[in-house]
Amino acid sequence: MGTILMPGATLGILQQKNVNFVSSLCLVHHHSLIFPPARTRKRRLLSNGNWNRKSRTVVFSTADDFNDSSANMVNDDDGFMLRGTEDLVIEENELVATKKALSEARARQEAIEKERDQLLEELAQSQAKQKEHVATILRDKEVAITELEAAKSLFHNKLQESVEEKFTLESKLVLAKQDAVELAVQVEKLAEIAFQQATSHILEDAQRRVSAAETSAAEAAFHIEEQVRNATEGTILSIVEQSKDAIDKALDVAEKAGDYATRAVAVFTDGINPVDEIASVQSENIKLQGIVNDLESQLLITRNDIVKLKVELEQVNAQAIASKLRAEDAEKGLLEFQESNREMTIQREEEINSLLEKMKKDAAEKKEAASKAFKAELESIKAAIKAAKETAHSRNEAYVRRCEALQRSLRASEAASKMWKHRAEIAESLLIKEEEDEDAIYIVNGGRIDLLTDDDSQKWKLLSDGPRRETPQWMARRIRSIRPKFPPRKIDVSEALTSNFRPLDLPKPDEVWSIAQEKLKERDTLIEHVIEKETIEKKRKALERALQRKTIQWQKTPEETKLEPGTGTGREIVFQGFNWESWRKQWYLDLAPKAADLSRCGVTAVWLPPPTESVAPQGYMPSDLYNLNSAYGSVEELKHCIEEMHSQDLLALGDVVLNHRCAQKQSPNGVWNIYGGKLAWGPEAIVCDDPNFQGKGNPSSGDVFHAAPNIDHSQDFVRRDIKDWLNWLRNDIGFDGWRLDFVRGFSGTYVKEYIEASKPAFAIGEYWDSLAYEHGSLCYNQDVHRQRIVNWINATGGTSSAFDVTTKGILHSALHNQYWRLIDPQGKPTGVMGWWPSRAVTFLENHDTGSTQGHWPFPRDKLTQGYAYILTHPGTPTIFYDHFYDFGFRDVITELIEARRRAGIHCRSSVKIYHANNEGYVAQIGDTLVMKLGHFDWNPSKENNLDGSWQKFVDKGSDYQLWLRQ
């Protein structure tokens with residue numbers, strides 16, 4: 001046993017800097033190294049101006065070779081540690097000075113912060129004054145508006161009074177007309193009475209004449225009544241004159257009848273003189289004449305009243321004109337007052353803004369000056385700290401050099417021990433060779449077995465400490481790659497029998513390294529290290545993907561920078577990630593793991609099912625828009641699914657239903673038109689021409705969907721709430737774009753407003769109506785159908801794409817040896833793709849046309865041809881979930897996507913059609929791809945107008961073939 005006295009400082013250095021050195025001391029020849037326990041605080045003992053230190057014991061159990069080197073190592077420590085303690089005192093003084101400078105800097109910083117708080121308080125006061133001034137202006141404005149409204153109401157009241165007076169005059173005029181009619185009737189009755197009294201005793205002939213006179217009087221009275229009924233106020237006098245003439249004629253007839261009666265009486269009587277009777281008749285006629293005169297006087301009075309009424313009517317019209325002029329003057333004054341008030345308000349706002357800008361500028365300058373001063377002081381402090389650190393670093397380097405010298409001496413001792421160990425092994429082998437007569441001799445193998453089975457062996461611990469979880473494949477492969485290479489076993493039996501040595505019966509590599517098949521132990525150091533490394537690798541890859549996405553976003557190609565909003569990058573490939581029965585599963589959890597596979601296959605966007613709570617489980621009858629716990633999963637599962645899509649650089653498109661919404665409550669008359677939840681609308685949010693739900697809004701701007709209340713998008717509060725909801729889905733939930741359901745139900749101008757507010761990366765509208773058919777067959781010309789879709793896209797301002805329903809319908813018939821349907825008279829494709837390819841989203845089936853609904857299924861045997869067409873042509877192709885995962889077309893579709901990627905086809909690629917007939921279809925898309933459909937015998941070498949060298953990329957026989965330019 002050799003004892004070495006080592007100072008505490010040296011021991012600390014050994015503990016902090018050279019752990020390997022300590023471990024090596026412990027391993028050589030089982031020598032023991034004893035350290036006293038480390039102390040939490042260092043003590044300084046001052047006695048007579050000298051530093052006293054207590055020695056610490058370090059005990060080594062060494063061989064004689066090691067004693068000399070260890071003694072030499074200790075002899076140099078005394079002077080070294082004295083210098084170390086002096087340096088520590090100097091370093092502490094420097095630290096005290098640095099702390100003092102730092103406290104002063106902090107005090108200055110606090111003063112600067114107080115000054116900044118004062119400036120902020122002054123700014124707040126100025127802002128409060130500005131708000132008061134603005135409130136005063138608004139109050140004055142409100143007072144002026146109320147005064148103007150009062151003047152306007154007064155004007156309206158006066159105008160109403162004048163109108164009422166006019167109505168009163170008109171009623172008086174009507175009454176006067178009625179009085180005139182009654183007077184004419186009375187005149188007629190009086191004439192009849194006179195006729196009866198005058199001719200009662202006349203013979204039958206006279207009575208006939210009197211009756212004729214009565215008939216003529218009755219006709220005259222009828223004409224009078226008819227003229228009075230149909231004439232206006234300007235013809236009353238003429239009616240009176242006509243009645244007077246009729247009465248005069250009746251009187252003349254009566255006089256003639258009287259004369260005739262007199263003559264007849266004179267003939268038939270015996271000479272009796274009827275003078276008395278004639279006199280009585282004349283007296284009656286005189287009375288009638290007086291009555292007629294009275295009627296004429298009454299008519300004159302009525303005419304005077306009518307003239308007065310006309311004068312009053314003219315006065316009322318003049319008053320109305322004057323009131324109108326006064327109203328115009330008031331409106332002009334109001335406009336002038338509003339203009340002057342607006343100018344004053346703008347001037348005051350400009351003054352306030354300039355004052356605020358000046359204050360902000362002054363505050364910014366003061367803040368900048370203070371920050372510069374603080375930064376300068378901070379830099380000086382950092383420089384001082386850096387100098388102190390450099391001093392400490394130089395001292396540490398000296399310590400390290402001394403420790404390296406110690407390590408070199410240790411390595412020399414280890415080499416000596418290895419040499420003696422080697423000599424012992426040689427001696428052991430020589431001793432074994434001398435015993436040749438023994439048959440079974442085992443080689444110790446240089447202590448290899450001891451190292452494998454030693455208690456300190458990590459491998460032995462891993463094998464013995466279980467239980468453990470199963471080893472992942474990647475870890476098993478790593479373990480197999482680093483295992484040692486054992487020497488080959490002897491396979492020659494004669495060689496093994498004649499050999500004097502019997503080698504160890506070594507097990508197979510799989511048996512020795514059975515750790516690869518064992519379970520991993522929890523909290524094992526090696527395993528935790530591997531897991532930590534794997535986690536760091538995952539974070540690194542995620543960071544690389546994020547940086548790549550940001551780089552792609554900022555480094556766009558010139559072609560991509562010209563794209564309009566709402567159409568994606570122009571190279572999108574959409575995947576519909578559900579079908580009509582997906583709600584029966586926990587769909588979000590089922591779809592999320594497929595994100596990596598979709599990304600590898602070339603998909604760029606995934607269309608997710610409707611996320612909101614719905615009366616129907618499929619999601620297309622939404623009720624509470626802000627409740628995202630649907631039949632497809634919870635809101636947390638939805639967010640997890642979207643995060644998985646984003647981790648694979650996939651866009652998440654939300655299926656939003658904006659045309660209709662199911663109510664949660666009934667109105668008092670039992671109609672479901674009261675909404676609940678955060679968007680608690682009433683009947684005002686429902687269109688008025690929806691017959692089933694008694695809406696109180698405006699008429700619908702599109703087709704009515706009768707299964708649910710149709711939303712009135714002309715209401716400001718409805719549009720505001722929908723825009724807030726879409727922005728919530730974008731920012732809080734994580735959706736990147738929209739698939740808009742049933743856009744035929746409302747105008748595309750509202751869609752434009754919603755898209756401009758929510759700014760989606762991609763938007764698709766479902767404008768689905770019937771194609772043109774004749775006698776049960778599809779018409780060749782479908783321009784009217786695709787024009788309706790293009791009109792809707794125009795209404796959105798081109799901010800949204802639309803499903804190319806025209807192309808789908810044409811493909812149904814064209815792929816049955818009617819390929820001539822795929823070219824229009826202008827040589828372009830016949831769908832929306834031919835007119836506006838960048839806004840055409842092509843598809844073959846979706847949850848409505850296919851799946852379990854099957855409203856319009858695509859021919860099953862033509863699906864591969866259909867995908868060959870839409871995936872090689874411009875537009876944005878869409879892939880249906882059932883075709884990709886359930887029908888077994890995954891590899892076929894992936895191959896076509898790869899061809900599209902290699903050829904660089906995008907939504908605006910050009911199309912040149914060479915052939916389209918009953919036998920097949922041939923077209924060149926872009927500059928680098930040629931495709932053929934059908935059994936048409938064709939290849940690029942047969943086309944004279946096709947330049948370049950072409951290589952066949954896909955060959956599916958008579959279905960389709962693709963060539964890429966070399």
Side-chain angles (χ1 to χ4, degrees), residues 8-9 12-13 15-17 38-46 49 51 83-138 347-400 536 539-540 542-543 546-547 550 554 727 731-732:
I13 294 166
Q15 289 177 345
Q16 296 175 4
K17 299 291 182 179
R39 299 187 181 182
T40 57
R41 293 186 302 172
K42 295 182 180 180
R43 297 181 179 178
R44 292 185 298 172
L45 301 175
L46 184 63
W51 290 95
R83 288 192 301 272
T85 53
E86 292 175 359
D87 293 338
L88 288 174
V89 173
I90 296 170
E91 183 177 350
E92 288 183 358
N93 293 331
E94 291 177 354
L95 288 174
V96 170
T98 304
K99 289 180 180 179
K100 184 176 181 182
L102 184 60
S103 62
E104 293 176 355
R106 287 177 179 173
R108 284 193 294 272
Q109 183 180 0
E110 290 177 356
I112 291 169
E113 289 179 353
K114 288 180 180 179
E115 185 177 359
R116 185 190 66 183
D117 294 337
Q118 292 177 358
L119 292 174
L120 291 175
E121 187 176 357
E122 292 176 358
L123 180 61
Q125 292 176 358
S126 65
Q127 290 178 350
K129 291 180 180 179
Q130 179 189 359
K131 290 181 179 178
E132 291 178 359
H133 184 63
V134 171
T136 304
I137 293 171
L138 292 175
Q347 185 178 359
R348 290 178 182 177
E349 288 179 354
E350 289 177 353
E351 292 175 356
I352 292 170
N353 290 331
S354 62
L355 182 61
L356 286 174
E357 290 293 331
K358 185 177 179 181
M359 293 175 65
K360 288 180 180 178
K361 188 175 180 181
D362 295 337
E365 290 176 355
K366 290 180 181 179
K367 185 177 180 180
E368 186 176 2
S371 64
K372 286 182 179 178
F374 177 75
K375 286 180 180 178
E377 293 176 356
L378 189 62
E379 289 295 333
S380 62
I381 294 171
K382 286 182 179 179
I385 294 173
K386 185 177 180 181
K389 286 182 177 179
E390 289 177 354
T391 305
H393 183 65
S394 61
R395 292 170 183 167
N396 289 334
E397 286 181 350
Y399 299 157
V400 169
I536 293 172
K539 291 181 179 179
R540 182 185 65 79
L543 182 60
L547 291 174
K550 190 168 289 186
W554 288 101
N727 283 317
N731 302 323
D732 293 2

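Note: hydrogens, waters and symmetry copies are ignored here, and every other heavy atom, side chains too, is used.
Every pair passing salt bridge (Lys or Arg N to Asp or Glu O under 4.0 Å) that includes a residue from residues 347-369 is listed here, sequence neighbours excluded: E368-K372.
Qualifying side-chain hydrogen bond (donor to acceptor under 3.5 Å, both in side chains) partners for D117, counting only residues two or more places apart in sequence or in other chains: none. Contacts of Q109 classified as side-chain contact (heavy atoms from CB on, under 4.5 Å), with partners at least two apart in sequence or in another chain: E113, F374. Not counting sequence neighbours, the partners of L355 by the side-chain contact (heavy atoms from CB on, under 4.5 Å) test are M359. When the side-chain hydrogen bond (donor to acceptor under 3.5 Å, both in side chains) test is applied to R108, the partners found at least two apart in sequence or on another chain are E377. With sequence neighbours excluded, no residue forms a side-chain hydrogen bond (donor to acceptor under 3.5 Å, both in side chains) with Q125.
When all heavy atoms of A101 and I381 are compared, the pair lying nearest together is O-CD1, 4.1 Å.
Summarising the geometry, atom NZ belonging to K100 is positioned 13.5 Å from atom CG belonging to L102; distances are rounded to the nearest 0.5 Å.
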Problem - Test side-chain contact (heavy atoms from CB on, under 4.5 Å) applied to E397 and H393, step by step - result: CA-CA 6 Å; E397 286 181 350; H393 183 65; 2.8 Å; yes

